[in-house]
Amino acid sequence: MALRTQVGIVGAGPAGLVLAHLLDQAGIESVILEARAREYVEERVRAGVLEQGTADLLDAMGLGERMHSEGIVHHGIYLRFRRESHRIPLSDLTGGRAIWIYGQQEVVKDLIEARLAAGQQLLFEVSDVSVSGFDGDSPRIRFSRNGESEEIECDVIAGCDGFHGVCRPAIESALTVYNHEYPFGWLGILARVPPSTDELVYTNHERGFALHSLRSPELSRLYIQCDPHDDIANWSDDRIWDEMHARFATNDGWELNEGPVLEKGITPMRSFIVQPMQRGRLYLAGDAAHIVPPTGAKGLNLAVHDVKLLAAALTRWYESGDSSLLEAYSDACLRRVWRVQHFSWWMTSMLHRLGDADDFENQLQLAQLDYVTSSRAAATTLAENYVGLEDV
Ligand code: FAD
Ligand code: PHB
């Protein structure tokens, strides 16, 4: 027998979970299907920076409590090049806006706990998920759980299943795909050591990009540019720390604290967008529809912005039968998606050693960094994009 709900959501990442919560607040029922186990989803280390708008939304949803007690507000970032740090005062340049340092897995934990506490449906460890019927008015999601085949009948399907999910491939033949792969990736570590900096440090160095981020007063998160095809087994902890010391070194004797490495991995880097983000009654949101390189710290924030629009459009449709916001969903999302794509590409291009770049291009990067750190107008461009534009 098929399960019946209003909105069938595939994927319990930030997009699927925030969407379900917003729909619940509007009195709209949903079921979330997640391929992984709860523990896996809650422990997956990924994003760390929330835009002001994302933090405000979590607050408005009544989910900001732990973010306020354990998260950290930052009012600036550093750009480091020629072995010197230059601060971009984000809040001074944006009328007081700021960013929150609060791990994606903490956001996900808060959302899952709220959903289960409210007795709402969230099914983990489902497999063989497939979507159909979205070109008509009776979409269906088939899946297996505990070895049994099951089915959900719904009004609408939300494809929140990330870059490797099944929803985008189900409609890909009708989409325009934009894909740009960078000739480098990031090697990221989480280390049990107090951060060596009070604010994030983005570094342009001749050996490659490096980023010092953090999660708490005891946990540091650091990244270095690497070959995207490299095997993490080639990187001993000692080799990683040696490379970090070389890239973060300054002329004023700044010191990088070392500590036990709790987690490490390599992520390739790409820019990817599909257009449109919808077909019939199937709507894509978050990484299922677009990927940005992480240099702008935008992926999670963009995913949350998509589902904010989708929830508003579905609410209007259920309340009044007016489908105009649903029809306009993709266009409304893509305006911000392309702005953020450009910002993320720009930050990436300014800070990384580009595969076959000659010395001319390296000097252009330094000229750009000199400009961004000395002109208030240029610094404001970076700052307003980094904290998140309000009206795009
Ligand atoms: P996901 O988080 O990928 O969630 C999709 C979910 O769907 C997953 O739980 C997956 O298991 C599930 N799923 C997949 N297939 C199926 C299926 N067939 N059936 C059911 N479920 C399925 N973003 C920022 O904003 N700030 C940052 O600082 C930042 N740093 C990053 C650093 C790194 C190293 C990386 C890798 C990413 C970073 N990002 C950052 C990007 C951010 O993590 C993603 O953009 C974000 O996770 C997107 O959320 P989502 O819900 O769209 O997708
Ligand atoms: C992180 O803390 O994981 C992080 C911070 C800034 C970025 C990307 C990732 O640009």
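All ligand and atom numbering here is 1-based and tracks the order in the structure. For reference, positions follow the sequence shown, starting with 1.
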May I ask you to decide if the ring planes of [X] and [Y] are parallel, tilted or perpendicular, using 30° and 60° as cut-offs?
X      : Y      : value
His212 : Trp254 : perpendicular
Trp186 : Tyr223 : tilted
His180 : Tyr182 : perpendicular

If you count the atoms of ligand 1 from 1 in the order shown, which ones are under 4.0 Å from a heavy atom of [X]?
X      : result
Ala297 : 24 (C), 25 (O), 26 (N), 27 (C), 28 (O)
Gly165 : 15 (N)
Val129 : 19 (N)
Gly286 : 52 (O)
Gly48  : 27 (C), 28 (O)
Gln104 : 2 (O), 42 (C), 43 (O), 46 (C), 47 (O)
Ala15  : 51 (O), 52 (O)
Arg36  : 11 (O)

Where on [X] is there a heavy atom closer than 4.0 Å to ligand 1, on the side chain, on the backbone, on both, or on neither?
X      : value
Val10  : side chain
Cys160 : backbone
Thr267 : side chain
Met269 : neither

Any nitrogen or oxygen of [X], main chain or side chain, under 3.5 Å from a nitrogen or oxygen of ligand 1?
X      : answer
Gly299 : yes
Gly16  : no
His164 : no
Gly162 : no
Ala35  : yes

Checklist entry - With Met350, which of Thr295, Leu369, Asn204 fulfils side chain to side chain contact (heavy atoms under 4.5 Å, CB included)? => result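 It is Leu369; the other options fail the test.
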Checklist entry - Given Ile152, which of Val7, Val10, Val31 fulfils the side chain to side chain contact (heavy atoms under 4.5 Å, CB included) condition? => result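 Output: one option passes, namely Val31.
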Specify the protein heavy atom at minimum distance from [atom]: its residue, its atom name, and the distance to 0.1 Å.
atom                    : answer
atom 23 (N) of ligand 1 : Leu300 N, 3.0 Å
atom 12 (C) of ligand 1 : Glu34 OE1, 3.2 Å
atom 18 (N) of ligand 1 : Val166 CG1, 3.6 Å
atom 14 (C) of ligand 1 : Asp161 O, 3.1 Å
atom 1 (P) of ligand 1  : Arg46 NH1, 3.7 Å
atom 49 (O) of ligand 1 : Pro14 CD, 3.5 Å
atom 52 (O) of ligand 1 : Asp287 N, 2.9 Å
atom 4 (O) of ligand 1  : Gly13 CA, 3.4 Å

Checklist entry - Closer than 4.0 angstrom: is that true for some heavy atom of Glu51 and an atom of ligand 1? => result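 Under 4.0 Å: no for Glu51.
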Checklist entry - Cut-off 3.5 Å, side chains only: do Gln104 and Arg44 have a donor facing an acceptor? => result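 Distance-only check fails for Gln104 and Arg44.
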Next on the checklist: Do Thr5 and Glu29 pair up side chain to side chain, a donor and an acceptor below 3.5 Å, judged on atom types alone?
Outcome noted: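 On atom types as modelled, these side chains qualify, holding a pair under 3.5 Å.
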Item to check | Trace of the ring pair (Phe, Tyr, Trp, His ring centres under 6.0 Å) decision for Phe81 with His86 | outcome: CA-CA 8 Å; Phe81 55 100; His86 304 259; 4.6 Å; yes
Checklist entry - Hey, is Asp237 close enough to Lys264 for a salt bridge, meaning N to O under 4.0 Å? => result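 Yes, charged N to carboxylate O under 4.0 Å.
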Checklist entry - Does a salt bridge link Arg336 with Glu51, judged by any charged N lying under 4.0 Å from a carboxylate O? => result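 So Arg336 pairs with Glu51 through a salt bridge.
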Next on the checklist: Which option wins on minimum heavy-atom distance to atom 30 (N) of ligand 1: Gly185, Pro268, Ala47?
Outcome noted: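 Ranked by closest heavy atom to atom 30 (N) of ligand 1, first place is Ala47.
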Item to check | Selection from Phe143, Tyr223, Phe124 by shortest heavy-atom distance to atom 33 (C) of ligand 1 | outcome: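 Selected option, by shortest heavy-atom distance: Tyr223.
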Checklist entry - Do you know which two heavy atoms are closest between His21 and Met61, and how far apart they sit? => result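 Closest approach of His21 to Met61, heavy atoms only: NE2-O, 3.3 Å.
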Item to check | Considering all heavy atoms, the nearest Arg97-Gly53 contact | outcome: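 Arg97 and Gly53 have their closest heavy atoms at NH2-N, 4.2 Å.
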Taking the side chain from [X] and the backbone from [Y], do they hold a donor-acceptor pair closer than 3.5 Å?
X      : Y      : value
His74  : Ile101 : no
Arg247 : Phe209 : yes
Asp306 : Ala15  : no

Item to check | Amino acids contacting ligand 2, non-hydrogen cut-off under 4.0 Å | outcome: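 Those residues closer than 4.0 Å to ligand 2 by some heavy atom are Arg46, Gly48, Val49, Trp186, Leu200, Tyr202, Leu211, Ser213, Arg215, Arg221, Tyr223, Pro294, Thr295, Ala297.
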Checklist entry - Can the ring centroids of His290 and Tyr178 be said to lie less than 6.0 angstrom from one another? => result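 No, too far apart.
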Checklist entry - Mind checking what makes salt bridge (charged side-chain N to carboxylate O under 4.0 Å, His left out) contact with Glu199, not counting sequence neighbours? => result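 Here the qualifying residues are Arg87.
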Checklist entry - Any cation-pi pair here, Arg168 with Phe163, using under 6.0 Å and within 45°? => result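 The answer is yes; both the distance and angle limits are met.
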Checklist entry - Going through the checks in order, is the salt bridge (charged side-chain N to carboxylate O under 4.0 Å, His left out) test met by Arg145 and Asp128? => result CA-CA 9 Å; Arg145 193 164 53 124; Asp128 308 320; over 6 Å; no
